[in-house]
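The structure under discussion appears below in the form of structure tokens.
Here is how names work: the chains are called A, B, and so on, in the same order as the sequence lines, proteins then strands, and each is numbered from 1. Only heavy atoms go into these numbers, but all of them, side chains included; no hydrogens, no water, no symmetry mates.
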Protein chains: 2
Amino acid sequence: MVTPIDPTSTAFLLAENRSMPMHVGGLQLFRKPEGAGDDYVREMFEAMRDVDEVAPLFLKHPHRSARTAGQLVWKPDEQFDIEHHVRHSALPGPGRVRELLELCSRLHSTRLAWERPLWEASVIEGLADGRVAMYTKTHHALVDGVSAMRLLASVLSTDPDKRGMPAPWGTVPDRSKVAKERERAERRLEEVPVQALRSALGITAEAAGLPGALVRTLNKSVRGETSAVSLHAPRTMFNQSITGSRRFAAQDWPVERLRTIGKATGTTINDVVIAMCSGALRTYLLEHDALPEQSLVAMVPVGLKAQQSHVASTEGGNAVGSIMVQMGTERADPADRLDAVHRSMVDGKRALSSMTPVQILAMSALGQAPAILTPLLRMQGLVRPPYNVIISNVPGPRTTHYWNGAQLLGTYPLSIPINGMALNITCTSYDGLMCFGLTGCRRTVPHLQRMLGHLDDELSALEKAAGV
Amino acid sequence: MVTPIDPTSTAFLLAENRSMPMHVGGLQLFRKPEGAGDDYVREMFEAMRDVDEVAPLFLKHPHRSARTAGQLVWKPDEQFDIEHHVRHSALPGPGRVRELLELCSRLHSTRLAWERPLWEASVIEGLADGRVAMYTKTHHALVDGVSAMRLLASVLSTDPDKRGMPAPWGTVPDRSKVAKERERAERRLEEVPVQALRSALGITAEAAGLPGALVRTLNKSVRGETSAVSLHAPRTMFNQSITGSRRFAAQDWPVERLRTIGKATGTTINDVVIAMCSGALRTYLLEHDALPEQSLVAMVPVGLKAQQSHVASTEGGNAVGSIMVQMGTERADPADRLDAVHRSMVDGKRALSSMTPVQILAMSALGQAPAILTPLLRMQGLVRPPYNVIISNVPGPRTTHYWNGAQLLGTYPLSIPINGMALNITCTSYDGLMCFGLTGCRRTVPHLQRMLGHLDDELSALEKAAGV
């Protein structure tokens, strides 16, 4: 039995090409439980593979045929082969984080085949310090970053002694609740006036080959908007066409350090995250002799309350608006940059809160579908990029979690660089850590890993500037 | 500077899609030299990566733009990044051949990106017995199986004490000679009458979107042909559409065992190879309750002498004709099957030797481009597959060879399953071993690895039947 694919997911599927795979990834690090034997990683892999039942989300694949009138639909994979999806991998010596990031970069560079359900997971052994890693890859048509995070959290436990826990793709009792919530969200979507929906989904309609009238509607509602919308940012080395191969870099810092800076300066943790990125990008661009005089603009997705957005969904949806943040990269002083970021965020939030549902829907589409929007904007004669870099911050569990006794030590998101937006920075907070995941086009963003050092330097500089 | 791509290579590029990657692979097993340290594999990887200079073949990528009038051309990769191409990988525990074949299957399942030169190599550690593996992947537009084998051999030495040897993609003094030979072969190609060329290349012309007239010419020259050409074979489970993921199985047997059978029965080593495949396929199909009453037909590429073919090339070319061999899979007796294979091969060779250059060119195209031919034949109303399986036997070095002191123990080819031809069997002889590489669509050919046991059983059965 086939089921329809919602327009946003369709857009993500259609926007995909060989140099722009449309999957999100996650890297998790675990500490083996006490008394784990030599075969622990293999056992963990087998437990992940040998699930009783796989959740429907992980069993369907996109399908298009004459019978579906050329339309993309979800179809259950009748020859589902779990061994294709759940893999056991290993790192070469010396088994440092460097080898792990290199493997994740490679795994993240290959596209998911549409002929099978759109996900893969690799249980990875060989870290010299004995930790176990897991890399997961899921098409953006199935989940976004928030949903992926919730999905993972839904199979973890705060109880280190709990056993018999399913893999994230195994079915769990809670799932039905999740499905109901999603259904509810979709119903809400139906209740939104047709005209409003059309505006928001014009982007996806265009991607599907429909005429440009709807897109013009969208642009109209976006244009003339407040400072939340910037359609002008300076050109940078990140705003080029990309290739299909990726480089991934990841590191974490204690949330407490960010919170302390925030308290001392009257800013939020998220402001400090963006300021860290601002300083790191400034240093990186200076190193490449490529810092523009004008401030870089970051697109920062922000969660919208369900009542406000009319399209919220708790799972599997993409209920976000977005704020265009002036990052202050042209300023030499760290405190100045943090101040610029903070003011821009306050501005943007105010603007967002005053928007009409139609405008928010449009913003939401903008937030969801930059991959699709960017070429459209270019098409319409906007030669400069609407923003330079995407910075997301996805909240995760605040306490220590376990999977069958293995302690989750950190979780790092791998996201989607797109044409014109070669670098993506996504952060996840977990158990007192702010985990940064930087995903870039391997060719367009050289030496991405240096950015980690710059982030660290900037955090110290911000502490010094805040006098903490 | 861009250079033209020859029509055959163009056809391989254009025939490629997500479920049909067009690269050939090789798995090599090495024994570490005496006194190798713990870091040996890393050092080997670094030696492979840090070459002085990369040969031009490995620096060009396909390119198409308005400036090239929409035509595909080779373009040097101006941002060549050796780290993208040469990789260091590892096997998870317990590090058996099983884990190695699983990794090779996965590596062989992903397409090479056109935005970079069309090759990859992975140096693989983690085999429990201490051997080192190397998997290489090269687009068929660059090399065929024979050329890949020669390329590898060209950087090996019979001297275990020789050091400072380059990687296969590094430049070596001999290369210029090879280039000259290729040039000579290409010139010979130019001397062939235009009409003859057109017939042979009609296939590729069609693949490139040109009208069907040329293809009809080809079919005319092929049709009404001798027993070397079979356009009718029974339908089998192998002759279906395929998916993009692969399963690879490999094993070797002493050539001496095959030679002894051949001597006792008046057949060739190659006849015995095909008879082994015949028996193994029969058992496999019986297990799946899918053995057709009519004999399976194997397409067996055979080398043509340069004088005869007019299109021979020693490196980088595809100078082969092909024989359609009645495998005798419907016969229950191993000796009967060997006899059927032998007679079919004798027939085919005789036919091939009596063909005109035009016909041989056509055959050569048939041998080169089954991927392109198969859909064409279907298009023209031939509902049955022209053959069921491709079996190649590529001769390799006969003596023990080394790479910087590491002894090459065996070399196993990974080939290209195509739509309608889900299984490919390619053999390579090396240092007294006949190395079989079986590459199948992971979905269409389940439990491919069982075929290894069947091959082993059949070899024993043939020995018994031959009374040796």
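Shortest non-hydrogen contact noted between Asn419(B) and Ser241(B) is OD1-CA, 3.3 Å. Between Tyr40(A) and Ala406(A), the shortest heavy-atom contact is OH-CB, 3.3 Å. Closest heavy-atom contact between Leu14(B) and Leu72(B): CD2-CD1, 3.8 Å. Shortest non-hydrogen contact noted between Phe248(A) and Gly437(A) is CE1-CA, 3.7 Å.
Chain A is approached within less than 4.5 Å, heavy atom to heavy atom, by Thr110(B), Arg111(B), Leu112(B), Ala113(B), Trp114(B), Glu115(B), Arg116(B), Glu125(B) from residues 108-131 of chain B, ordered by number.
The distance between the ring centers of Phe58(A) and His85(A) does not fall below 6.0 angstrom.
A donor-acceptor pair shorter than 3.5 Å cannot be found between the side chains of His88(A) and Glu46(A). No side-chain donor from either of Glu287(A) and His447(A) sits under 3.5 Å from a side-chain acceptor of the other.
Using a 30° and 60° split on the angle between ring planes, Tyr284(B) and His288(B) fall in the tilted class, from 30° to 60°.
Counting heavy-atom pairs under 4.5 Å between each of Arg106(B), Glu99(B), Glu83(B) and chain A puts Arg106(B) at the top. Ranking Gly244(A), Ser105(A), Gly93(A) against chain B, the residue ahead of the rest is Gly93(A), based on heavy-atom pairs under 4.5 Å. Chosen from Ala90(A), Ser245(A), Ser19(A), the residue pairing most often with chain B at heavy-atom distances under 4.5 Å is Ala90(A). The candidate from Val41(B), Asp77(B), Asp38(B), Asp39(B) with the greatest count of non-hydrogen atom pairs under 4.5 Å with chain A is Asp77(B).
Looking at Arg247(A), only its side chain comes within 4.5 Å of chain B, counting heavy atoms on both sides. Heavy-atom distances place both the backbone and the side chain of Arg443(A) under 4.5 Å from chain B.
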Working for salt bridge (Lys or Arg N to Asp or Glu O under 4.0 Å), residues Arg98(A) and Glu102(A): CA-CA 6 Å; Arg98(A) 181 175 166 171; Glu102(A) 182 59 36; over 6 Å; no

